[in-house]
Amino acid sequence: MNIVIVGIGKFGKLLTKHLSAENHNIICIDSKQSIIDATVNEFDVMGYVGNGASYQTLVDASVGTYDLLIATTPNDETNILCCLVAKKIGIKQTIARVRNPEYSVQAQMMHGELGISEMLNPDLDTANEIFRIMRFPSALKVETFANGKVDLVEIKLDNKSPLAGISLIKIREKFNLTILVCAVKRGEEVIIPNGDFVLKDGDNVYITGDSQEIEKAFRKFNIYKNKMKNVIIIGGGNISYYLASMLLDSGISVKMIDNNKAKCEEFADAFPKVLVLNGDANNQSLLLKEGLSQADCLVSLTGFDETNIIASTFAKSVNCAKIITKVSNTNYGMVLERIGVDSVVSPVEIFSNNIIRYVRGMQGGESRSTEFKTLYRLIGNKVEAIEFIVDKKTSYTSVPIKDLHIKKNYLLACIIRENRVIIPGGKDTIEPLDSVIIITTNPQLNDVGEILS
């Protein structure tokens with residue numbers, strides 16, 4: 001596909017990296033020559049220096065026949081204008097990165113009236129991911145499929161885990177659970193396991209199932225934690241705004257700490273039920289005084305990765321029950337994992353994954369048998385978990401799974417049929433209108449039929 005990316009900051013750069021790796025024809029537009037030079041030198045892409053919201057810039061860059069424009073500048077209004085101008089010169093589809101909470105309520109109008117194909121809000125999406133993790137405090141990560149009917153959770157085994165030393169085929173028998181272990185990270189190795197695979201202490205294990213089965217599994221694995229009642233948020237930005245609203249609606253008590261007095265006053269006006277504190281997140285005495293060691297969760301969401309990491313490391317040292325840390329530099333995720341802070345969220349990665357889902361959904365046209373619905377990239381993008389909806393009858397529908405020749409490193413993890421979650425066995429079949437979830441270490445899967453040899 002031919003794709004224009006406007007604004008090559010941290011969001012645009014990561015997007016350029018991922019989309020160019022999937023062999024798309026990319027042109028990057030930014031107002032700074034140095035940024036364009038660095039991007040062109042690092043990736044196999046074209047570059048153009050100019051204002052991406054300018055009609056003349058887009059015409060001079062010869063992008064009028066391109067398939068997609070993605071506007072990722074730091075300014076919401078500029079991104080919206082980029083999309084409007086792009087539609088005017090003939091670019092088929094447009095995506096705007098928009099973060100302001102006020103625009104979230106106007107998204108439907110902008111989509112319908114202004115013709116913007118998609119408005120993606122990485123701050124809102126990050127808040128949603130954090131809230132999902134809070135639903136299962138025992139999990140390091142939680143992703144959802146089929147409008148919340150299926151969860152994919154990550155847990156880490158220790159030497160006390162009843163799963164250590166057990167083959168996967170025995171888990172259902174021993175614990176009487178309808179779940180599926182669909183991926184395992186062991187050191188630097190990533191495995192799509194079969195039934196004979198034996199779990200070990202230290203493994204990061206990815207499990208799929210419906211929420212009731214996951215909760216039941218956590219109880220039987222002796223890792224269940226009670227629902228959260230009180231949360232401390234560090235940083236009063238947009239993510240905190242969205243998250244506080246979700247937590248209050250769920251009856252969870254919230255404290256918010258920020259060193260910017262004006263931001264604290266705005267937050268207190270927006271959320272009268274939140275205890276807002278004007279203070280420094282690096283002040284460990286303040287954190288202890290405000291009950292960090294007794295809190296159910298600390299969420300560190302400042303605009304500085306280093307501040308978030310320091311606060312999270314201190315929370316770990318005083319045995320805070322759950323710690324969730326936002327980082328923009330994805331390399332810091334490995335640092336946090338080594339010190340035992342495993343629940344890390346990255347708005348740039350979440351945004352990039354949503355764009356890749358959208359782009360994959362555009363590919364294939366009428367030849368596809370499935371609709372590309374959901375995409376999550378896990379374990380440093382080494383594993384993809386993808387949800388498809390089977391639109392029509394095909395050569396693989398109504399055929400027992402044991403008779404389908406599924407390629408190596410692809411796993412059919414789940415089938416959702418009329419609100420019923422099926423962990424598939426050999427006699428189960430895929431039927432038209434089913435949602436199916438596939439786990440793979442092979443990137444760039446665009447259709448269910450591609451998993452068959």
Side-chain angles (χ1 to χ4, degrees), residues 7 9-12 14-15 70-80 82-83 94-112 114 116-136 141-145 147-148 151-152 228 231 233-250 252 254 256 258 263 266-267 269-271 273-274 297 299-303 305 308 324-328 330 343-359 361 373-377 387:
K10 60 187 178 183
F11 284 84
L14 186 65
L15 202 50
I70 307 163
T72 70
T73 79
N75 185 278
D76 289 353
E77 290 77 12
T78 300
N79 293 335
I80 292 168
C82 282
C83 292
T94 60
I95 298 175
R97 171 192 167 215
V98 177
R99 302 170 62 210
N100 190 325
E102 292 181 10
Y103 289 131
S104 293
V105 297
Q106 302 176 48
Q108 197 64 38
M109 181 275 291
M110 291 185 179
H111 177 74
L114 303 182
I116 298 174
S117 307
E118 194 86 27
M119 288 177 58
L120 296 180
N121 186 332
D123 293 342
L124 176 58
D125 292 338
T126 302
N128 280 322
E129 176 155 329
I130 293 168
F131 190 67
R132 288 199 300 268
I133 295 171
M134 289 179 171
R135 283 177 48 231
F136 292 109
K141 257 193 177 316
V142 180
E143 313 290 11
T144 61
F145 299 90
N147 299 319
D151 292 301
L152 186 154
M228 293 186 180
V231 172
I233 299 174
I234 295 176
N238 286 339
I239 300 174
S240 302
Y241 180 98
Y242 293 121
L243 180 61
S245 180
M246 297 172 191
L247 295 174
L248 292 173
D249 286 346
S250 299
I252 297 173
V254 180
M256 195 284 289
D258 196 286
K263 191 176 287 186
E266 289 177 14
F267 209 92
D269 288 341
F271 300 106
K273 293 184 179 180
V274 173
C297 185
V299 191
S300 198
L301 297 174
T302 76
D305 287 355
N308 294 335
I324 303 172
T325 312
K326 186 201 85 168
V327 295
S328 296
T330 53
S343 290
V344 179
V345 295
S346 171
V348 291
E349 286 283 4
I350 292 168
F351 178 76
S352 177
N353 290 346
N354 284 334
I355 293 288
I356 290 168
R357 170 195 57 78
Y358 189 89
V359 170
K373 184 73 174 175
T374 310
L375 167 70
Y376 296 110
R377 304 172 94 197
E387 177 189 357

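Residue numbers count from 1 along this sequence.
In this structure the side chain of T72 reaches within 4.5 angstrom of the side chain of F351, judged on heavy atoms. E266 is not listed as a side-chain neighbour of D258, based on a closest heavy-atom distance of 4.5 Å or more. Contact of the I95 side chain with the N354 side chain is not registered, since no non-hydrogen atoms from C-beta on lie closer than 4.5 Å. Taking 4.5 Å as the limit, some side-chain heavy atom of M246 sits within range of a side-chain heavy atom of L124. In this structure, the side chains of I239 and V345 stay at 4.5 Å or more apart for every pair of heavy atoms. Residues Y241 and L301 are not in side-chain contact: their nearest non-hydrogen atoms beyond the backbone lie 4.5 Å or more apart.
T325 and N308 share no donor-acceptor pair across their side chains, judged by distance under 3.5 Å alone.
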When you look at L247 and I233, which way does the side chain to side chain contact (heavy atoms under 4.5 Å, CB included) test go after all the steps? CA-CA 11 Å; L247 295 174; I233 299 174; 4.2 Å; yes

Evaluate the side chain to side chain contact (heavy atoms under 4.5 Å, CB included) criterion for residues V231 and M134: first the C-alpha distance (whole Å), next the side-chain angles of each, then the deciding distance (0.1 Å), finally the verdict. CA-CA 10 Å; V231 172; M134 289 179 171; 3.9 Å; yes

Would you sort out whether E129 and E143 count as a side chain to side chain contact (heavy atoms under 4.5 Å, CB included), showing the intermediate values? CA-CA 7 Å; E129 176 155 329; E143 313 290 11; 4.0 Å; yes

Assess the residue pair I350 and N128 against the criterion (side chain to side chain contact (heavy atoms under 4.5 Å, CB included)); give the C-alpha distance rounded to whole Å, side-chain angles, the decisive distance to 0.1 Å, and a yes or no. CA-CA 11 Å; I350 292 168; N128 280 322; over 6 Å; no

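Separating the OG atom in S343 from the CD1 atom in I324 is a distance of 5.5 Å, to the nearest 0.5 Å. Summarising the geometry, atom CE belonging to M228 is positioned 12.0 Å from atom CZ belonging to F136; distances are rounded to the nearest 0.5 Å. With values rounded to the nearest 0.5 angstrom, C297 atom SG is found 8.5 Å from I130 atom CD1. How far CE of M256 is from CG of L243: 11.5 Å, rounded to the nearest 0.5 Å. Note that CD1 of I234 and OG of S240 are 9.5 Å apart. Values are rounded to the nearest 0.5 Å. Atom CG of residue L248 and atom CD1 of residue I252 lie 9.0 Å apart, to the nearest 0.5 angstrom.
P74 and R97 get closest at one heavy-atom pair: CA-NH1, 3.9 Å. Closest heavy-atom contact between R99 and N121: O-ND2, 3.5 Å. Nearest approach of P347 to P122, heavy atoms of both residues: O-CB, 4.0 Å. Here the closest non-hydrogen pair linking N353 and L375 is O-CD2, 3.8 Å. Between V344 and V327, the closest heavy-atom pair is CG1-CG2, 3.4 Å. Closest of all the heavy-atom pairs between T94 and I116 is OG1-CA, 3.6 Å.
Taking the six-membered ring for Trp and the full ring otherwise, the centers of Y242 and F131 sit at least 6.0 Å from each other.
In this structure R357 satisfies the salt bridge (Lys or Arg N to Asp or Glu O under 4.0 Å) test with no other residue, sequence neighbours excluded. Not counting sequence neighbours, the partners of F267 by the ring pair (Phe, Tyr, Trp, His ring centres under 6.0 Å) test are F271.
In this structure, the side chain of Y376 engages the main chain of T144 through a donor-acceptor pair within 3.5 Å. Side-chain atoms of D123 never come within 3.5 Å of backbone atoms of N238 as a donor-acceptor pair (strictly under, hydrogens ignored).
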